[in-house]
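The structure appears right after this line, and notes come after that.
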Amino acid sequence: MGFGSIGMIWTLVIPAIVFLYYFFRKKYEERTVPSVLFWEESRKHMESSPLISHLNRNALFYLQMGALLLFVVLLMKPGITGSGEQSDHLVIVADTSATMLAEEDGEPLFDRHKTRMESLIRDNEGARFTIIRAGSFPEVLLQVSEEADEALRIVRGLGLTYAHQDLTAALALAGTAAGGKQADVHVFTDAAGPEDLPAVVPGVVYRIYASPALPENVSVRQFGIARQEEGQSAIAVVANDSPADKKALLSLEDGQGNPVGQARELTLGAGKSERVLFNGLPAVRGLQLKVDTEDGYPADNTVHAVSVRGELPVYVEAGLHELVHKALHATGADVTAYGSGEAGQLPEEAIVVTGSEMTFQQRRGRTILFGREGEPEENPVFITSSEDPLFAFAPGEEIYTSGLYPPFEDMEAVAGPESSPLIQRSDDGRIAVLADPSMTDWPLRPSFPLFLWSVIDGFSREQAVAGTFLPGERRPVTPSQEGGWQLYTADGEYLSEFAAADAVTAPDKPGLYVLRSGNEERFLSVILPKEERMVTAGPSFTAGERADGGTTGLSAGKQPIFLPLVLLILLLILAEWEVQRRHGLSY
């Protein structure tokens with residue numbers, strides 16, 4: 001129970017005055033009165049126990065003191081800290097990001113919120129329930145259901161998705177779920193402000209339950225692995241967001257939990273960050289960095305990274321235009337020319353640039369085609385480079401081509417219109433340029449070697465690793481020889497499977513994982529978003545208005561208990577009147 005006006009506690013002076021009056025009131029001497037009128041009353045007091053006798057003699061005093069104390073409590077505006085007002089439609093928005101693991105007195109904020117959600121549902125049995133999970137994309141877990149048991153089951157089964165929450169979208173979805181009718185939206189998060197709330201809708205009240213204080217926090221802001229001539233190295237940036245200095249022990253492990261390299265101990269100043277370098281590490285494809293320190297947010301004390309190999313060798317068909325050969329050499333790649341009859345002998349772990357459509361179709365990924373079989377359509381056009389990452393380093397400029405080959409039906413356009421593109425890309429990452437180098441002025445422009453460098457760099461980064469993912473991120477990966485992939489933890493536990501045409505969906509929990517298919521395997525790491533490496537806190541508040549236009553003035557989760565106290569005070573006053581009528585004043 002809480003109080004809305006604790007300052008009224010000064011009114012305790014009133015019952016104290018009454019108490020002192022009874023304590024220091026004038027005492028009367030007892031005298032024996034020889035009258036049979038008092039015999040029966042005296043006999044009753046003699047037969048009763050001392051406690052009962054005391055209560056009988058001072059009943060009026062205790063009734064008056066009880067009434068006065070209840071008046072004092074009433075003036076302090078008491079309320080039960082619970083779910084808040086009863087509602088016909090209860091919408092629960094649950095933040096499931098990693099920062100909900102921030103601890104207060106050793107208990108994660110997420111666990112405290114789940115307990116409060118369960119209490120909220122129990123206190124509103126008979127209402128309709130909607131439950132929304134505010135992850136990277138808001139998800140409706142329960143929609144306008146009258147089953148309180150089902151709502152409790154969903155709340156108890158809520159787990160963290162670790163991805164940064166899109167609270168604005170989740171609240172907009174909650175307002176839509178209200179359907180223009182009265183609803184109470186209870187938002188459980190670490191911090192939110194009025195700017196996160198959608199436009200005010202009459203009848204919809206938002207109650208924000210946030211984290212009251214920031215925990216101390218030491219976090220790993222960046223972590224990566226680099227290959228060097230003398231071996232492998234790792235670099236980390238560790239920051240201390242606490243108001244006091246912190247000692248931290250940094251250690252490295254491989255995917256199986258085996259120690260790698262020497263542990264490092266350092267002292268971080270308040271609000272400071274430090275860069276730590278680990279040299280001379282063995283060649284492992286995945287590393288885990290652990291920071292052992294005392295703070296209230298352990299989720300960002302562990303981070304993972306995968307080792308990316310150097311660039312793959314590039315094989316270019318000898319019959320291609322000379323400008324293609326020069327552009328490839330300009331990228332700094334290890335370029336080797338091959339004859340048209342040697343295409344079947346090319347290694348699988350290589351990048352191939354060819355003018356043969358047959359070679360292009362036979363290879364899986366890591367292949368660039370210039371032109372194709374058949375006659376091109378003579379239609380001079382100017383094509384602008386797209387916003388695709390392949391043109392991230394190339395200047396935006398128009399490319400002239402005198403004609404284009406027909407596009408592949410099962411490939412997406414990268415540059416140019418869908419009906420007549422200049423560049424296409426397949427699901428496994430192969431690139432097709434639908435023009436011979438002699439048909440366009442593109443090889444004469446600076447964007448051409450930059451485009452080839454982007455393609456080679458992208459193919460090389462796919463080698464032996466699938467890359468770094470955010471929790472739940474979905475991304476296409478070059479298929480294996482058998483087509484699809486199976487996802488495992490670094491310890492070998494099977495998680496899921498993806499077909500050749502499907503994009504890979506990363507697990508929610510950060511860590512090291514392995515994609516396997518036959519004898520092939522690729523490591524991937526799942527890391528926290530940068531927004532989840534710093535904890536936030538904020539006040540709880542209530543916003544919105546009822547359908548009748550009245551604004552809510554209650555703090556989130558407090559129910560008034562005025563009426564029961566008023567009724568109890570009236571009963572005590574009635575009891576005082578009856579005691580005084582029967583026995584008179586206390587004696």
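Along the sequence shown, the residues carry numbers beginning at 1. Reckoned from all heavy atoms, side chains included, excluding hydrogens, waters and symmetry mates.
For the atom pair Ile368 CD1 and Arg430 CZ, the distance stands at 12.5 Å (nearest 0.5 Å). Leu369 contributes atom CG, which lies 12.5 Å from atom CZ of Arg363 (distance to the nearest 0.5 angstrom). Atom CG of Asn258 sits about 11.0 Å away from atom CD of Gln288, to the nearest 0.5 Å. Taking OG of Ser438 as the start and CD of Glu322 as the end, the distance is 13.0 Å to the nearest 0.5 Å. From Ser356, atom OG reaches atom CD of Glu373 across 7.0 Å, with rounding to the nearest 0.5 Å. Rounding to the nearest 0.5 Å gives a distance of 8.5 Å between OG of Ser426 and CD of Gln361.
Using a 4.5 Å heavy-atom threshold, the side chains of Pro510 and Ile527 count as separate. Phe110 has its side chain within reach of Thr96: a pair of non-hydrogen atoms, C-beta onward, lies under 4.5 Å apart. Within the 4.5 Å cutoff, no side-chain heavy atoms of Thr302 are placed close to those of Leu289. Two residues are said to be in side-chain contact when any heavy atoms from C-beta on lie closer than 4.5 Å; Pro437 and Thr440 fail this criterion. Contact check for Phe448 versus Val324: side-chain heavy atoms found under the 4.5 Å cut-off. Side-chain atoms of Val314 and Ile456, non-hydrogen and from C-beta on, do get closer than 4.5 Å to each other. Between Ile423 and Leu434 the shortest side-chain heavy-atom distance does not fall below 4.5 Å. For the pair Leu404/Asn379, no side-chain contact is recorded, criterion being any heavy-atom separation below 4.5 Å from C-beta on.
The number of heavy atoms from other shown groups lying within 6.0 Å of CD (Glu473) is above 12. Within 6.0 Å of CD in Glu139 there are more than 12 heavy atoms belonging to other residues, nucleotides or ligands. Within 6.0 Å of the CD atom in Glu409, the count of heavy atoms belonging to other residues, nucleotides or ligands does not exceed 12.
Between the side chains of Glu532 and Thr99, at least one donor N or O lies within less than 3.5 Å of an accepting N or O. Thr505 and Arg474 are linked by a side-chain donor-acceptor pair at a separation below 3.5 angstrom, with hydrogens and angles left out of the test. No side-chain N or O of Asp190 forms a donor-acceptor pair with one of Ser211 less than 3.5 Å apart. Checked by atom type, the side-chain pair Ser136/His164 shows no donor-acceptor distance below 3.5 Å. Residues Thr489 and Asp491 bring no donor and acceptor atom of their side chains to less than 3.5 Å of each other.
Among the candidates Thr468, Val284, Leu287, the single residue satisfying the side-chain contact (heavy atoms from CB on, under 4.5 Å) test with Val306 is Thr468.
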For this session: Give the intermediate values and the outcome of side chain to side chain contact (heavy atoms under 4.5 Å, CB included) for residues Glu274 and Val237.
Result: CA-CA 6 Å; Glu274 188 168 335; Val237 177; over 6 Å; no
Exercise. Does the pair Ile92 and Phe188 meet the rule for a side chain to side chain contact (heavy atoms under 4.5 Å, CB included), with working shown?
Worked result: CA-CA 8 Å; Ile92 295 177; Phe188 296 86; 4.0 Å; yes
For this session: Could you walk me through whether Leu495 and Tyr488 pass side chain to side chain contact (heavy atoms under 4.5 Å, CB included), step by step?
Result: CA-CA 5 Å; Leu495 296 178; Tyr488 295 83; 5.9 Å; no
For this session: Quick one: do Leu452 and Leu328 satisfy side chain to side chain contact (heavy atoms under 4.5 Å, CB included)? Show the steps, please.
Result: CA-CA 7 Å; Leu452 292 177; Leu328 288 171; 3.9 Å; yes
For this session: Give the intermediate values and the outcome of side-chain hydrogen bond (donor to acceptor under 3.5 Å, both in side chains) for residues Thr354 and Glu317.
Result: CA-CA 5 Å; Thr354 181; Glu317 188 175 348; 2.7 Å; yes
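Here the side chain of Ser454 pairs a donor or acceptor atom with the backbone of Leu450 at under 3.5 angstrom. Looking only at distances, a side-chain donor or acceptor of Glu342 sits under 3.5 Å from a matching main-chain atom of Gly339. Side chain of Arg264 to backbone of Leu277: a donor-acceptor contact under 3.5 angstrom is found. Of the possible donor and acceptor atoms, one in the side chain of Arg533 sits under 3.5 Å from a partner among the backbone N and O of Leu528. Side chain of Asp441 to main chain of Leu444: no donor-acceptor pair is present (N/O by atom type, distance under 3.5 Å, no hydrogens or angles). Looking at Thr189, its side chain never comes within 3.5 Å of a backbone N or O of Asp95 through a donor-acceptor pair. Side-chain atoms of Asp295 come within 3.5 Å of backbone atoms of Val218 as a donor-acceptor pair (strictly under, hydrogens ignored). At least one donor-acceptor pair under 3.5 Å links the side chain of Gln232 to the backbone N or O of Pro282. A donor-acceptor contact shorter than 3.5 Å links the side chain of Thr130 to the backbone of Val144. Formation of a donor-acceptor pair under 3.5 Å by the Ser402 side chain with backbone atoms of Pro380 is not found in this model.
In plain terms, the two heavy atoms of Ala432 and Phe360 that are nearest each other are CB-CZ, 4.0 Å. Residues Leu197 and Ile208 share a closest heavy-atom pair of CD2-CD1, 4.0 Å. For Ala415 against Ile383, the heavy-atom pair with the smallest separation is C-CG2, 4.1 Å. For Leu167 against Ala191, the heavy-atom pair with the smallest separation is CD2-O, 4.3 Å. Smallest separation of non-hydrogen atoms from Leu281 and Ser233: CD1-C, 4.1 Å. For the residue pair Phe223 and Ala234, the shortest heavy atom distance occurs at CE1-CB, 3.9 Å.
Applying the salt bridge (Lys or Arg N to Asp or Glu O under 4.0 Å) criterion to Asp254, with sequence neighbours excluded, gives no partner residue.
Under a 4.0 Å N-O distance rule, the pair Asp241/Arg221 qualifies as a salt bridge.
When ring centroids are compared, Tyr400 and Trp442 stay outside the 6.0 Å threshold. Aromatic pair Trp485/Phe498: centroids not less than 6.0 angstrom apart. Side-chain rings of Tyr405 and Phe370 stay apart, their centers remaining 6.0 Å or farther from each other. Between His186 and Tyr209, the distance separating the two ring centers is shorter than 6.0 angstrom.
Annotation: cation-pi geometry satisfied between Arg372 and Phe408 (NZ/CZ under 6.0 angstrom from ring centroid, within 45° of ring axis).
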